[in-house]
Amino acid sequence: MIGIVIPAHNEALLIGQAVDAVMAAAVHPGLHGEPVEIVVVLDACSDLTGVIAARAGARTVSLRARNVGVARAVGAEAMLAAGARWLAFTDADTVVSPSWLVDQLAQDADAVCGSIGVNDWSAHGVHADVIEAHFLRTYADVDGHSHIHGANLGVSAAAYRRAGGFRHLACSEDVALVRALEATGARIAWSAKPRVLTSSRRDARARGGFADALLDALAASLAAVAPATATPPVAAT
């Protein structure tokens with residue numbers, strides 16, 4: 001069995017399309033009928049995220065940690081307890097491709113770090129073109145990249161257990177897990193084949209995550225094109 005884990009905090013606007021996408025990936029012919037279970041971990045949700053996720057076909061687990069590391073860890077443990085041999089992680093603002101799971105498993109690795117794409121930059125308003133150009137110029141969406149995203153991550157149950165699972169971090173829990181996997185000697189595939197599209201939203205759910213990275217990139221891009229401050233004239237003596 002394959003287990004998919006999606007942490008969520010007040011994601012009523014996006015969780016439906018996220019679950020619909022993983023449901024489609026779960027029935028891909030390339031899985032040859034292997035069962036797939038999906039759990040949405042509702043972390044301090046006060047909206048209809050859970051109702052929408054359940055209606056879309058996901059199992060839900062609730063907690064009040066307000067911590068993405070805890071949420072991913074709880075979801076992973078639920079899937080391991082259900083007998084998952086492979087754990088796949090994505091985010092509530094992310095849409096995976098129909099072949100997402102098949103493409104992860106095809107890497108024949110202990111873990112797969114996938115890349116991400118963004119198809120709508122409108123959240124950044126008049127700066128959308130600037131930040132899109134920066135992303136396309138600086139992001140390596142190719143095999144052999146060095147990116148780590150909780151929105152596109154897969155790991156075998158055995159490797160996950162050897163690495164000690166997700167640490168209870170409010171940010172960069174995905175990076176910490178991959179570093180722990182590396183320390184155990186896990187075979188990690190850095191692949192652009194498993195495809196996901198994530199949002200470019202400005203309101204970060206986890207401080208220091210992708211949304212904050214985009215805002216930092218925007219600030220850097222604007223600073224690079226800003227005119228130099230004029231040197232004030234020297235007063236006559």
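Scope of the values below: all heavy atoms of this structure, side chains included, with no hydrogens, waters or symmetry mates. Worth saying up front: this structure is predicted, and the values here are computed from it rather than measured.
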Q. If Ile, Leu, Val, Met, Phe, Trp and Tyr residues are connected whenever their side-chain heavy atoms lie under 4.5 Å apart, and connections chain through other members, are Val5 and Val74 in the same group?
A. yes

Q: Report yes or no: does Asp93 contribute a side-chain atom to a donor-acceptor pair with the main-chain N or O of Thr198 at less than 3.5 Å?
A: no

Q) Within the distance-only criterion (no hydrogens, no angle test), does the side chain of Asp43 pair as donor or acceptor with the backbone N or O of Asn67 below 3.5 angstrom? A) yes

Q | Ile15 side chain reached by Ile6 side chain, heavy atoms, under 4.5 Å | A | yes

Q: Measure the CG-CG distance between Leu48 and Leu42 for me, rounded to the nearest 0.5 Å.
A: 11.0 Å

Q | Result of checking Asn119, Ile116, Asp120 against Leu197 for side chain to side chain contact (heavy atoms under 4.5 Å, CB included) | A | Asn119

Q.
Between Thr49 (side chain only) and Glu11 (backbone N and O only), is there a donor and an acceptor less than 3.5 Å apart?
A. yes

Q) Looking only at heavy atoms, which two atoms of Ala71 and Leu63 are closest? And how far apart? A) CA-CD2, 4.2 Å

(Q) If you compare all heavy atoms of Thr184 against all heavy atoms of Ala163, which two are closest, and at what distance to 0.1 Å? (A) CG2-CA, 4.0 Å

Q. In Å, rounded to the nearest 0.5 Å, how long is the span from NE2 of His124 to CZ of Arg202?
A. 6.0 Å

Q | Flag side-chain contact, heavy atom, 4.5 Å: Leu105 against Arg85 | A | yes

Q.
So, taking the atom named CD1 in Ile52 and the one named SG in Cys45, what distance separates them when rounded to the nearest 0.5 Å?
A. 10.0 Å

Q) Would one find more than 12 heavy atoms of other residues, nucleotides or ligands at under 6.0 Å from atom CZ of Arg187? A) yes

(Q) Applying the side chain to side chain contact (heavy atoms under 4.5 Å, CB included) criterion to Leu101, which one of Val22, Val27, Ile4 satisfies it? (A) Ile4

Q: Determine the minimum heavy-atom distance between Arg59 and Ala82, stating which atoms define it.
A: NH1-CB, 4.4 Å

(Q) Are the side chains of Phe135 and Asp141 in contact, using a 4.5 Å heavy-atom criterion? (A) no

Q) Taking the inter-plane angle between the rings of Trp190 and His145 on a 0 to 90° scale, is it parallel (under 30°), tilted (30 to 60°) or perpendicular (over 60°)? A) perpendicular

Q | Single-linkage hydrophobic cluster, 4.5 Å side-chain cutoff, Tyr139 and Val112 together | A | yes

Q. Side-chain contact, heavy-atom cut-off 4.5 Å: His127 with His134?
A. no

Q) Quick one: CG on Asp174 to NE2 on His147, what's the gap to the nearest 0.5 Å? A) 13.0 Å

Q. Which atoms form the tightest heavy-atom contact between Ser115 and Asn152, and what is the distance?
A. O-ND2, 2.7 Å

Q.
Please verify the inter-ring angle class for Phe166 with Phe89; under 30° counts as parallel, over 60° as perpendicular, anything in between as tilted.
A. perpendicular

Q: Check Lys193 against Asp143 and note the closest heavy-atom contact, atom names and distance.
A: N-OD1, 4.0 Å

(Q) I'd like to know if Val70 and Val68 are part of one continuous hydrophobic network [Ile/Leu/Val/Met/Phe/Trp/Tyr, side-chain heavy atoms within less than 4.5 Å]. (A) no

Q.
So for atom CZ, which belongs to Arg167, do other residues, nucleotides or ligands contribute more than 12 heavy atoms lying within a distance under 6.0 Å?
A. no

Q. With no hydrogens and no angle check, is any side-chain donor or acceptor of Asp110 less than 3.5 Å from a backbone partner on Ile188?
A. no

(Q) Hydrophobic clustering (ILVMFWY, side-chain heavy atoms < 4.5 Å, transitive) - are Met1 and Val96 grouped together? (A) no

Q: Go through Arg55 and Val19 one step at a time and tell me if the side chain to side chain contact (heavy atoms under 4.5 Å, CB included) criterion holds.
A: CA-CA 10 Å; Arg55 285 178 178 170; Val19 174; over 6 Å; no

**Q.** Main-chain N/O of Ala12 paired to Asp47 side chain as donor or acceptor, under 3.5 Å
**A.** yes

Q: Tell me whether Leu13 is reachable from Val40 by hopping between hydrophobic residues (I, L, V, M, F, W, Y) whose side-chain heavy atoms are closer than 4.5 Å.
A: no

Q.
Are the side chains of Pro7 and Asp91 in contact, using a 4.5 Å heavy-atom criterion?
A. yes

Q) Can you tell me if His9 uses its side chain to pair, donor with acceptor, with the backbone of Ala44 under 3.5 Å? A) yes

Q: May I ask you to decide if Val102's main-chain N or O and Ser99's side chain share a donor-acceptor pair within less than 3.5 Å?
A: no

Q.
Tell me if a side-chain donor or acceptor on Gln104 pairs with a main-chain N or O of Trp100 at a distance below 3.5 Å.
A. no

Q) Checking His149 side chain against Ala151 main chain: does a donor-acceptor pair fall under 3.5 Å? A) no

Q.
Just so I know, are the side chains of Leu177 and Leu153 near enough to count as touching, which here means a heavy-atom distance under 4.5 Å?
A. yes

(Q) Contact between Ile131 and Ser200 at the side-chain level, heavy atoms closer than 4.5 Å - yes or no? (A) no

Q. Which atom pair, heavy atoms only, marks the closest approach of Gly75 to Val39?
A. O-CG1, 3.9 Å

